[in-house]
Student: 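This is the structure I want to talk about, given as structure tokens.
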Amino acid sequence: MQCLNFEEAVAKIVAQDARYQYAAYVFVQEALKHTQKMLGRSSSGKAHVGGKELLEGIRGYALETYGPMALTVLEEWGVRSCEDFGEIVFNMIAHNLASKTDSDSREDFRHGYDFIEAFRKPFLPSRAAQTAPPKSVEA
């Protein structure tokens, strides 16, 4: 059997499962590398990242990369919940683009965090700023 490179493998996944766009898989792969580096596991033999750790890494990476547009970008790719990240990861595992341990499961991605809280709320004005009267400008 011929080994596929990342791009070919993702194209095959997307052809078989069109729920998520190609870019979502690239993002998850980049977020995984970011998370490994953040946890100090990128150069070690123990590079495995669990589902909950990956979700936190994904959140931070999305906010750093896309800022206030993170939620919009993820939704455009078909990603609307942490469970969607789990589906992407397990599609990647099925195509040998990621690995798992015996304790890893899709369940690790359930109820991770609310997308509005994670990706929209950090950019909303604080409550005090919303209720404070506008300051007058003197000429």
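We use all heavy atoms of the structure for the numbers below, so side chains are in, but hydrogens, waters and symmetry mates are not.
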Student: Walk me through whether His95 and Phe90 qualify under side-chain contact (heavy atoms from CB on, under 4.5 Å).
Tutor: CA-CA 9 Å; His95 287 82; Phe90 276 84; over 6 Å; no
Student: Locate the shortest heavy-atom distance separating Pro122 from Ala118; write the atom from each residue and the value.
Tutor: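 The pair with the smallest heavy-atom distance is CG-O, 3.4 Å.
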Student: Are any side-chain N or O atoms of Gln21 and backbone N or O atoms of Gly78, one a donor and one an acceptor, separated by less than 3.5 Å?
Tutor: no
Student: Atom OH in Tyr113, atom NZ in Lys52: separation rounded to 0.5 Å?
Tutor: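 It comes to 10.0 Å.
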Student: Tell me the closest heavy-atom pair linking Leu55 and Asp108, and the distance in Å.
Tutor: CD1-O, 4.0 Å
Student: For Trp77 versus Ala23, what's the shortest heavy-atom pair and its separation?
Tutor: NE1-CB, 3.3 Å
Student: Is the closest side-chain donor-acceptor distance between Asn91 and Tyr20 under 3.5 Å?
Tutor: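 No, no side-chain donor-acceptor pair sits under 3.5 Å.
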Student: Hey, what do you get for NZ (Lys121) to CG (Asp114), rounding to the nearest 0.5 Å?
Tutor: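 Answer rounded to 0.5 Å: 9.5 Å.
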Student: Please step through salt bridge (charged side-chain N to carboxylate O under 4.0 Å, His left out) for the pair Glu56 and Arg59, ending with a clear verdict.
Tutor: CA-CA 5 Å; Glu56 287 306 312; Arg59 178 178 18 198; 2.7 Å; yes
Student: Does Tyr22 form a side-chain contact (heavy atoms from CB on, under 4.5 Å) with Ile13? I'd like the steps, not just the answer.
Tutor: CA-CA 9 Å; Tyr22 182 95; Ile13 294 170; over 6 Å; no
Student: Provide the closest heavy-atom pair for Cys82 versus Gly112 in the form atom of the first, atom of the second, distance.
Tutor: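 In this case the closest contact between Cys82 and Gly112 is SG-CA, 3.8 Å.
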Student: Measure the spacing between NE2 of His48 and CD of Gln36 and express it to the nearest 0.5 Å.
Tutor: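 Separation between the atoms: 9.5 Å.
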Student: Nearest 0.5 Å, what's the CD1-CD distance between Ile58 and Glu53?
Tutor: 12.0 Å
Student: So, using ring pair (Phe, Tyr, Trp, His ring centres under 6.0 Å) as the criterion, who are the partners of Phe115 when residues are at least two apart?
Tutor: Phe85, Phe119
Student: Would you please indicate yes or no on a ring centroid separation below 6.0 angstrom for Tyr61 and Phe27?
Tutor: yes
Student: Please answer whether the main-chain N or O of Gly86 pairs with a side-chain N or O of Arg106 as donor and acceptor at a distance below 3.5 Å.
Tutor: no
Student: Would Leu54 and Phe109 satisfy side-chain contact (heavy atoms from CB on, under 4.5 Å), going step by step from the backbone distance to the final call?
Tutor: CA-CA 9 Å; Leu54 180 56; Phe109 294 89; 4.3 Å; yes
Student: Salt bridge or not between Glu87 and Arg19? Use side-chain N to carboxylate O under 4.0 Å.
Tutor: yes
Student: Using a strict threshold of under 4.0 Å (side-chain N to carboxylate O), is an ion pair present between Arg110 and Glu107?
Tutor: yes
Student: Could you measure the distance from the OG1 atom of Thr35 to the CE atom of Met38? Nearest 0.5 Å is fine.
Tutor: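 Taking OG1 in Thr35 and CE in Met38, the distance rounds to 5.0 Å.
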Student: Say you draw a straight line from CD1 of Ile88 to CG of Leu97; how long is it, rounded to the nearest 0.5 Å?
Tutor: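 Going from CD1 on Ile88 over to CG on Leu97, the span is 12.5 Å.
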Student: Working note: Thr72 + Met69, criterion side-chain contact (heavy atoms from CB on, under 4.5 Å); need CA distance, chi angles, decisive distance, verdict.
Tutor: CA-CA 5 Å; Thr72 302; Met69 292 300 297; 3.9 Å; yes
Student: I'd like to know if the side chain of Asp84 and the backbone of Arg80 have a donor-acceptor N/O pair within less than 3.5 Å.
Tutor: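 Yes; at least one donor-acceptor contact below 3.5 Å.
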